[in-house]
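Some notes on the structure that comes next.
Chain identifiers are assigned alphabetically (A, B, ...) following the order of the sequence lines, protein sequences preceding nucleic acid strands; residue numbering begins at 1 within each chain.
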Amino acid sequence: MPKLSQYEIEREENIKRNSALLDALGIQKVHPKEVPKPKKAVPPKKRKAEVDENNDASAGSPPKIARTTSSDQPLSGARRSARNAGKKVDYKAEQIRVIPVPISTRNKAGNAGPLGSGASGRKIVKFGSIPDIEVGTWWQTREDCSNDSIHAPWVGGISGSKHKGAYSIALSGGYDDDVDLGYGFTFTGAGGRDLKGTKTKPKNLRTAPQSCDQTFENNGNAALKKSSETGKPVRVIRGFKNKSEFAPSEGYRYDGLYTVEKAWMEKGLNPGGFLVCKFAFKRIADQPPLPVRDLDAEAAVKNQAKDGGNDAQNDEESDEDEDEDEDEDDDEDEDADADGEAEAEIEGEEPEEQG
DNA sequence: GGGCCCGCAGGG
DNA sequence: CCCTGCGGGCCC
C-alpha cells in the first residue's frame with residue numbers, strides 16, 4: 001500500500017474527528033438497507049406533467065406533498081427480481097435504479113414559472129418548507145433551484161442573515177473532510193478565501209482556495225451559528241459535486257429540513273491549516289426518505305463500460321461475490337414503499353417576510 | 001480538463 | 001453602491 005499523502009492523512013483525521021462528533025450528537029449513518037430505494041427512474045416528461053397537476057391541485061391545498069417514489073405508476077422495474085431470475089444482471093437498469101431519482105424534474109425548458117414563488121411572482125423568503133416544492137425536487141442548475149425559492153444564492157453555499165439565521169444551505173462538495181451521513185452531516189462554513197482574481201481582472205473570482213482563517217463574523221457562518229441557537233429549520237440541497245452516496249449524480253436536489261445541532265471551529269483541510277467554521281446538521285424526523293446511491297455498483301458500471309462492454313458481459317453475472325454483504329437486490333425491497341406518506345409538515349414558525 | 005471570466009442574489 | 005459566494009460556460 002502506498003503511503004498516504006499528508007493531505008490524506010489530515011483528511012482521515014478530520015473525518016474521524018467529525019464522525020465522532022456526529023456520533024456524540026446521536027447522528028448515525030442510516031444504512032442503505034434501511035432506506036427505501038427509489039423504484040426506477042421515471043421519464044422526466046411524465047414527471048413534469050405530474051408536477052403540473054400537483055401545481056394546479058395545490059390551488060386549494062396539496063393533500064399529499066412529499067412523495068418520494070412514484071407509487072402511482074406500475075413499473076416494470078418493480079419486478080426486477082423476477083426478471084433477474086433467468087437473466088443476467090442488467091447493469092444499465094441497475095444504474096438507473098441506484099441513481100437518485102429526480103422526484104420532480106424541473107428545469108429551464110419546462111418551467112411554466114417558478115412554483116416556489118408567491119402569487120406576486122416574487123421569491124419566497126422564509127424558514128422551513130416552501131409551498132408546492134416537495135422534498136426530493138430536483139433541478140439542473142443552482143439558478144433553477146433559486147427560482148423556486150429553495151436556495152436563493154446562485155453561488156453561495158449559505159443563505160440567511162446573521163440576525164435571523166440561515167434559510168438554506170448547499171451541500172456541494174468543496175470540502176473533502178465534511179462527513180455526509182445523509183440524515184446528518186458536517187458542513188464547512190464560508191469565507192477565508194481570497195477572491196482576488198487575476199491582475200487584469202482583480203476581485204473577480206467567485207471561489208478560491210483557503211488563504212486565511214474563517215470567522216463567525218462572516219454573514220453565512222453567523223447565520224448558521226444563529227440557527228444553532230434558535231433551532232429553526234434549514235433547507236438543505238445536495239449537489240452533484242458532493243461525493244457521498246446521498247448526493248445526486250447530477251444537478252441539485254432538495255433534501256428537506258435539518259437543524260443545526262452544533263457550531264465550532266477547527267483546523268480545516270487546507271495547505272495552510274487555516275481555521276474553518278464547522279456545523280453539525282441533523283435531519284428533522286418524519287420526512288420522506290433520502291434516495292441512496294450504490295456507488296460501488298456505479299463504479300462497476302463504469303468499469304464495464306471502459307472495458308469495452310461486449311465480451312465482458314458474461315462475468316457480470318458471476319461477479320456477485322463481490323460485495324454481497326449489502327443485501328442485494330434480487331429479493332424485494334418493495335416493502336419499503338409502504339411508508340411513503342410519512343410527510344413532514346414542519347414549518348418555520350412565522351412566515352417571516354422581509355424586504 | 002483546467003483556467004479565466006461572467007451574471008446574479010443577497011446582506012450591509 | 002459595496003462586498004461576498006461549495007456556478008457555469010467558454011476557450012484553450
Looking for any heavy atom pair under 4.0 Å, which part of the strands does [X] touch: base, sugar-phosphate only, or nothing?
{"X": "Thr188(A)", "value": "base"}
{"X": "Asp178(A)", "value": "base"}
{"X": "Gly220(A)", "value": "nothing"}
{"X": "Gly239(A)", "value": "nothing"}
{"X": "Asn218(A)", "value": "sugar-phosphate"}

Query - Test side-chain hydrogen bond (donor to acceptor under 3.5 Å, both in side chains) applied to Ser227(A) - qualifying residues, sequence neighbours left out - result: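 Once residues adjacent in sequence are excluded, Ser227(A) has no partner under the side-chain hydrogen bond (donor to acceptor under 3.5 Å, both in side chains) criterion.
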Report summary line: Pairs under 3.5 Å (Watson-Crick or G-U), crossing ones as [ ], inter-strand ones as |: DNA chain B comes out as ||||||.|||||
Report task. Report yes if the distance between the aromatic ring centroids of Phe185(A) and Phe246(A) is under 6.0 Å, otherwise no. Result ->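 No; Phe246(A) has its ring centre 6.0 Å or more from that of Phe185(A).
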Report task. Applying salt bridge (Lys or Arg N to Asp or Glu O under 4.0 Å), run through Lys278(A) and Asp178(A) and close with a yes or a no. Result -> CA-CA 9 Å; Lys278(A) 299 214 67 159; Asp178(A) 279 336; 2.9 Å; yes
Report task. Assign each of Ser159(A) and Val155(A) to its nearest nucleotide of DNA chain B by heavy atoms, then name whichever residue's nucleotide is nearer the 5' end. Result ->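 So the residue in question is Val155(A).
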Query raised in the report: dC6(C) and dG12(B): how far apart are their C1' atoms, nearest whole angstrom?
Result: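 After rounding to an integer number of Å, I get 23 Å for this pair.
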Polar atom pairs (N or O), protein with nucleotides 4-6 of chain B, under 3.5 Å:
residue	atom	partner	partner atom	Å
dC5(B)	OP2	Thr198(A)	OG1	2.7
dC6(B)	OP2	Asn204(A)	ND2	2.9
dC6(B)	N4	Asn204(A)	O	3.3

Report task. Specify the residue among Pro153(A) and Tyr252(A) whose closest nucleotide of DNA chain C lies further upstream toward the 5′ end. Result ->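 Result: Pro153(A).
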Can you check whether [Y]'s main-chain N or O pairs, donor with acceptor, with [X]'s side chain at less than 3.5 Å?
{"X": "Asn221(A)", "Y": "Ala190(A)", "result": "yes"}
{"X": "Ser19(A)", "Y": "Ile15(A)", "result": "yes"}
{"X": "Gln210(A)", "Y": "Gly191(A)", "result": "yes"}

Query raised in the report: Can you check the Glu217(A) CD to dG5(C) P distance for me, whole Å?
Result: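 Going from Glu217(A) (CD) to dG5(C) (P), I get 13 Å.
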Report task. Provide, to the nearest angstrom, the distance between the CD atom belonging to Gln140(A) and the C1' atom belonging to dG8(C). Result ->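 These atoms are roughly 11 Å apart.
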Query raised in the report: Quick one: is dC6(C) close enough that its OP1 or OP2 comes under 4.0 Å of any side-chain N or O from Arg193(A)?
Result: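 The answer is yes; a side-chain N or O of Arg193(A) sits under 4.0 Å from OP1 or OP2.
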Query raised in the report: What's the verdict on side-chain hydrogen bond (donor to acceptor under 3.5 Å, both in side chains) for Asn14(A) and Arg17(A), showing C-alpha distance, side-chain angles and the deciding distance?
Result: CA-CA 5 Å; Asn14(A) 286 12; Arg17(A) 189 169 62 239; 3.1 Å; yes
